[in-house]
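Report on the structure given below.
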Amino acid sequence: MEYDPLPSRGHAEVRIVAATPEVARRVAEVLRHCFASTEQRSYPAGEGGGTRLHLTLDTARTAEPARSWLAAGESTGQASAHADEV
């Protein structure tokens with residue numbers, strides 16, 4: 001099984017899938033208020049007119065409210081993949 005390369009340390013790759021481009025952009029905007037990010041890249045997400053939006057977040061450069069919950073949060077290690085993910 002082949003895996004995509006991991007983002008550099010302190011960064012996270014985010015994929016947003018939404019029914020419309022506007023919804024995807026609104027979610028990306030909220031993330032940008034919490035983290036520094038790259039320019040978003042958008043792609044069609046199927047025949048129904050959906051949108052898939054990708055961006056890279058710099059988790060080392062956080063703003064409130066992300067800073068407070070990142071500092072308090074702990075990983076449980078119980079995350080599972082979606083049906084279309086490995």
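No experiment lies behind these values; they were computed from the predicted model shown.
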Query - Co-membership, hydrophobic cluster, residues L53 and L31, 4.5 Å side-chain - result: yes
Query raised in the report: Backbone N or O of R52 within a donor-acceptor pair of the S42 side chain at under 3.5 Å?
Result: no
Query raised in the report: Are the side chain of T56 and the backbone of T38 linked by a donor-acceptor contact shorter than 3.5 Å?
Result: no
Requested in this report: Give a yes or no on this: more than 12 heavy atoms of other residues, nucleotides or ligands lie within 6.0 Å of atom CZ of R41.
Outcome: yes
Report summary line: Sorted by chain and number, sequence neighbours left out, side-chain contact (heavy atoms from CB on, under 4.5 Å) with S37 holds for R32, L55, L57
Report summary line: side-chain contact (heavy atoms from CB on, under 4.5 Å) filter on A36, not counting sequence neighbours, yields D58, R61
Report task. Under the side chain to side chain donor-acceptor pair (under 3.5 Å) rule, collect the residues that match up with T51, sequence neighbours excluded. Result -> none
Query raised in the report: When rounded to the nearest 0.5 angstrom, what is the spacing between OG1 in T20 and CZ in R26?
Result: 8.0 Å
Requested in this report: Verify side chain to side chain contact (heavy atoms under 4.5 Å, CB included) between V14 and V27, making sure each step is shown before the conclusion.
Outcome: CA-CA 11 Å; V14 177; V27 172; over 6 Å; no
**Report entry** Nearest heavy-atom neighbours spanning A12 and P7
**Finding:** CA-CG, 4.2 Å
Query raised in the report: How close do A18 and A24 get, heavy atom to heavy atom, and via which atoms?
Result: CB-N, 3.7 Å
Report task. Identify whether the distance between the nearest side-chain nitrogen and carboxylate oxygen of R25 and E22 falls below 4.0 Å. Result -> yes
